[in-house]
Amino acid sequence: MPTLVGWHVELEFTEEGHRTSAAALVRLGDGSEMRAHGYAMRHPSDPEQLRVGEEIAGARALMDLASQMLQKAHSEIDEVTGRHSYPLNQ
C-alpha cells in the first residue's frame, strides 16, 4: 500500500533541577503545525534518571498533541457535515 502522506514529529527536552520539560511539534499534511508541552517532576529523594523524566514529559506532550489532533479532526468533520461529531474516548 503506498504512503499518501507523512508527518514529522519533533520532541525537545530541557532539564532544570528536578523538572523535565518536553516541547512537541507536528507538521501535518495540510501545512498546519501543532505544538504541545509536557512536564515531569522528580522527587528530591528519587535517583536521577534523566531518561525516565524525558519519557514521562514526552508522553504527556504527545498525549496533548493527540488530543489537539482529535479536536481538529472533529472540527473538520463538523464543518463538512453541519453536525456535531463526538470523539471516541481515548
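Proximity of a side-chain donor or acceptor of Q68 to a complementary backbone N or O of R35 within less than 3.5 Å is detected. A donor-acceptor pair is defined here as one N or O able to donate and one able to accept, closer than 3.5 Å; no such pair exists between the side chain of S67 and the backbone of M63. Between the S32 side chain and the L28 main chain, no donor and acceptor come within less than 3.5 Å of each other.
Remark: H84 NE2 is packed, more than 12 non-hydrogen atoms of other residues, nucleotides or ligands lying under 6.0 Å away. Counted within 6.0 Å of CD on E79, heavy atoms from surrounding residues, nucleotides or ligands total 12 or fewer; the atom is thus considered open.
The nearest pair of heavy atoms linking V26 to V9 is CG2-CG2, 3.7 Å. Pairing each heavy atom of R60 with each of G38, the nearest pair is CB-CA, 4.0 Å. Listed here is the closest heavy atom pair of R27 and L25: NH2-CD2, 3.4 Å. Nearest heavy-atom pair across E54 and F13 is O-CE2, 3.2 Å. Closest non-hydrogen pair, D64 versus H37, comes out as OD2-N, 3.8 Å. Heavy atoms only, all atoms of each residue included: A36 and A61 are closest at CB-O, 3.5 Å.
Rounding to the nearest 0.5 Å places NE2 of H74 at 10.5 Å from OG1 of T81. Here the straight-line distance linking atom CG of D30 with atom CD of E76 works out to 6.5 Å at 0.5 Å rounding. With rounding to the nearest 0.5 Å, the separation of CD in E55 from OG1 in T20 is 11.0 Å.
Cluster membership check: M41 does not share its hydrophobic cluster with V52, using side-chain heavy-atom separations under 4.5 Å among Ile, Leu, Val, Met, Phe, Trp and Tyr. Under the 4.5 Å side-chain heavy-atom criterion for Ile, Leu, Val, Met, Phe, Trp and Tyr, W7 and L65 are members of the same hydrophobic cluster.
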